[in-house]
Amino acid sequence: MNNLVQKKYAPATERNRDSILDVLKDCLPDHGTVLEIASGTGQHATYFVEHLPNHYWQPSDPDQNSRNSISAWWWDVQLNNILPPLNINTQDDTWPVENIAPPLPITAMVCINMTHISPWASTVGLMKGAARILPQDGILYLYGPYKIDGKHTAPSNELFDINLHDQNAEWGIRDLNDIKDLAMEHGLSFVKTVHMPANNLSVIFTKD
Ligand SMILES: C[S@@+](CC[C@H](N)C(=O)[O-])C[C@H]1O[C@@H](n2cnc3c(N)ncnc32)[C@H](O)[C@@H]1O
């Protein structure tokens, strides 16, 4: 199969990548390996590494087609600081990344658009993994739509939430308070949210 067939394309990544990159530049530790959970197509990974030359980027996704796509996107940039994609499902008790030593220690985890497009158990697993893997002061960065105090932040998010439920009863836009409580249970302190275009939020935690 050729590169073009394997390459998946998500138009939203081109709309949100620069605003996400700005926040990452501000909140990531100065160096280290960034473990990306739910990398999807691989477009974010390949874009971010070009702009974060002091970091290694470890993409991952449980979906084989996505991992093929990440490899296909990597083929275009061929940068040494992006590592081959791993098969990480946050719901698993241990993750393959725990058995390997990346070129630099993992100092941050990034998870974009997963918490609402997967069962709540995936977010629970994400926090458990962050507790196991991140060093003290390590960063967990989340991006996506979130409810605040039980309320949607825009009518479009409310419609999106209904649409998600229709696709899968276990999916849905999470409340930021539930995410913060879950993070705290796993030794992660809330740092801040950053309002992003299209009614999304960046949500940043640090490991205690
Ligand atoms: C909407 S896509 C987002 C992909 C990419 N981050 C982006 O913003 O374009 C959701 C991704 O979450 C991944 N995913 C779903 N459940 C997961 C889990 N339990 N652990 C890790 N990834 C998961 C899917 O395979 C999919 O690639």
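We're numbering straight along the sequence, starting at 1. Both counts, for ligands and for their atoms, begin at 1 and track the order of listing.
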(message) Under 3.5 Å, is there a donor on one side chain and an acceptor on the other for N199 and T153?
(response) no

(message) With no hydrogens and no angle check, just 3.5 Å: does a side-chain donor-acceptor pair link N200 and N16?
(response) no

(message) Under 4.0 Å, counting heavy atoms only: does T41 come that close to any atom of ligand 1?
(response) no

Ion pair check, [X] and [Y], cut-off under 4.0 Å:
X	Y	result
D93	K128	no
D161	R174	no
K192	D26	yes

Which of the atoms of ligand 1 are close to [X], meaning less than 4.0 Å from one of its heavy atoms?
X	value
I112	3 (C), 5 (C), 6 (N), 8 (O)
G40	4 (C), 27 (O)
I88	20 (N), 21 (C)
H44	7 (C), 8 (O)

(request) Name the option, out of N89, I117, T123, N113, that contains the heavy atom nearest to atom 10 (C) of ligand 1. (result) N113

(message) Which residue in the set T94, I106, L140 passes side chain to side chain contact (heavy atoms under 4.5 Å, CB included) when paired with I133?
(response) I106

What do we get for [X] next to ligand 1 when only non-hydrogen atoms under 4.0 Å count, side chain, backbone, both or neither?
X	answer
S39	backbone
D61	side chain
Q43	neither

Tell me which protein heavy atom sits closest to [atom], plus the residue, atom name and distance to 0.1 Å.
atom	value
atom 17 (C) of ligand 1	M114 SD, 3.8 Å
atom 20 (N) of ligand 1	T90 N, 3.0 Å
atom 22 (N) of ligand 1	P62 CD, 3.2 Å
atom 15 (C) of ligand 1	S118 CB, 4.0 Å
atom 9 (O) of ligand 1	T13 CG2, 3.4 Å
atom 12 (O) of ligand 1	A38 CB, 3.3 Å

(request) Measure up the W73 and Y9 rings against each other and bin them: parallel (under 30°), tilted (30 to 60°), perpendicular (over 60°). (result) parallel

(message) Could you check whether any side-chain heavy atom of D149 comes within less than 4.5 Å of a side-chain heavy atom of K151, counting everything from C-beta outward?
(response) no

(request) Could you tell me whether H116 and F160 have their ring centroids closer than 6.0 angstrom? (result) yes

(request) List in chain and number order the residues that pass side-chain contact (heavy atoms from CB on, under 4.5 Å) with T107, two or more places apart in sequence or in another chain; answer none if no residue qualifies. (result) P29

